[in-house]
Amino acid sequence: MLDLDGPTPLFQQIAEILRTRIADGTYPADKRMPPARAIAEEFGVTRGTAVAALDVLKAEGLIYGVRGRGTFPRGRD
């Protein structure tokens, strides 16, 4: 799934996979996504790499975090 030898950083590859999951409804709007720790385990990366991928999606406005509750995809307006 991840291209370990390619030029694209792992966090960007993971962000793209998560972006696709949001778009296809795997992660429905306003429903909690897996935490960074679970994402890291799924892809075999460090938690920091998973957090970096989530940060990309936050910067794009695709997800938002609620303190003490988790990370959620934004609904389409």
Side-chain angles (χ1 to χ4, degrees):
M1 201 181 309
L2 295 180
D3 182 3
L4 301 177
D5 296 321
T8 305
L10 292 177
F11 77 92
Q12 288 179 346
Q13 293 180 53
I14 294 168
E16 180 58 32
I17 292 166
L18 298 177
R19 194 179 293 114
T20 300
R21 291 178 182 177
I22 291 168
D24 72 13
T26 301
Y27 299 145
D30 299 319
K31 300 294 180 191
R32 188 178 0 219
M33 292 177 58
R37 184 170 302 136
I39 292 169
E41 282 182 27
E42 176 183 353
F43 293 104
V45 297
T46 66
R47 184 179 173 280
T49 300
V51 168
L54 292 170
D55 286 346
V56 168
L57 300 180
K58 282 180 187 172
E60 293 173 357
L62 292 176
I63 63 174
Y64 63 97
V66 176
R67 177 169 248 175
R69 298 288 303 148
T71 303
F72 303 82
R74 288 198 185 279
R76 293 194 176 102
D77 296 332

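Since the structure is predicted, the reported quantities are computational estimates derived from the model, not experimental observations. Numbers for residues simply follow the sequence, beginning at 1.
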Quiz item: Given L10 and L2, is the side chain to side chain contact (heavy atoms under 4.5 Å, CB included) satisfied, shown in steps?
Solution: CA-CA 7 Å; L10 292 177; L2 295 180; 4.1 Å; yes

Quiz item: Hey, mind stepping through V51 and I39 against side chain to side chain contact (heavy atoms under 4.5 Å, CB included) and telling me if it holds?
Solution: CA-CA 9 Å; V51 168; I39 292 169; over 6 Å; no

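Using a 4.5 Å cut-off between side-chain heavy atoms of Ile, Leu, Val, Met, Phe, Trp and Tyr, with links allowed through other members, L4 and M1 fall into the same hydrophobic cluster. Note on F43: it clusters hydrophobically with I22, by side-chain heavy-atom contacts below 4.5 Å among ILVMFWY residues.
For R21, the CZ atom sits in a packed shell: over 12 heavy atoms of surrounding residues, nucleotides or ligands are nearer than 6.0 Å.
The nearest pair of heavy atoms linking I14 to A53 is CG2-CB, 3.7 Å. Between K31 and F72, the shortest heavy-atom distance links the atoms C-CD2, 3.5 Å. The two residues A29 and G75 have their closest heavy-atom pair at CB-CA, 3.4 Å. Listed here is the closest heavy atom pair of L54 and I63: O-CD1, 3.4 Å. Nearest heavy atom pair, residue A36 against residue A50, reads O-CB, 3.4 Å. The two residues R19 and V56 have their closest heavy-atom pair at NH2-CG1, 3.8 Å.
When the side-chain hydrogen bond (donor to acceptor under 3.5 Å, both in side chains) test is applied to T20, no partner is found at least two apart in sequence or on another chain. In terms of the side-chain hydrogen bond (donor to acceptor under 3.5 Å, both in side chains) criterion, residue partners of D30 (sequence neighbours excluded) are, by chain and number, Y64.
One distance of note links CZ of R74 with NZ of K58; it measures 10.5 Å at 0.5 Å rounding. Between the CD1 atom of I17 and the CD atom of E42 there is a distance of 7.5 Å, given to the nearest 0.5 Å.
In this structure a side-chain-to-backbone donor-acceptor pair under 3.5 Å is present from R32 to R69.
For the pair L18/L62, no side-chain contact is recorded, criterion being any heavy-atom separation below 4.5 Å from C-beta on.
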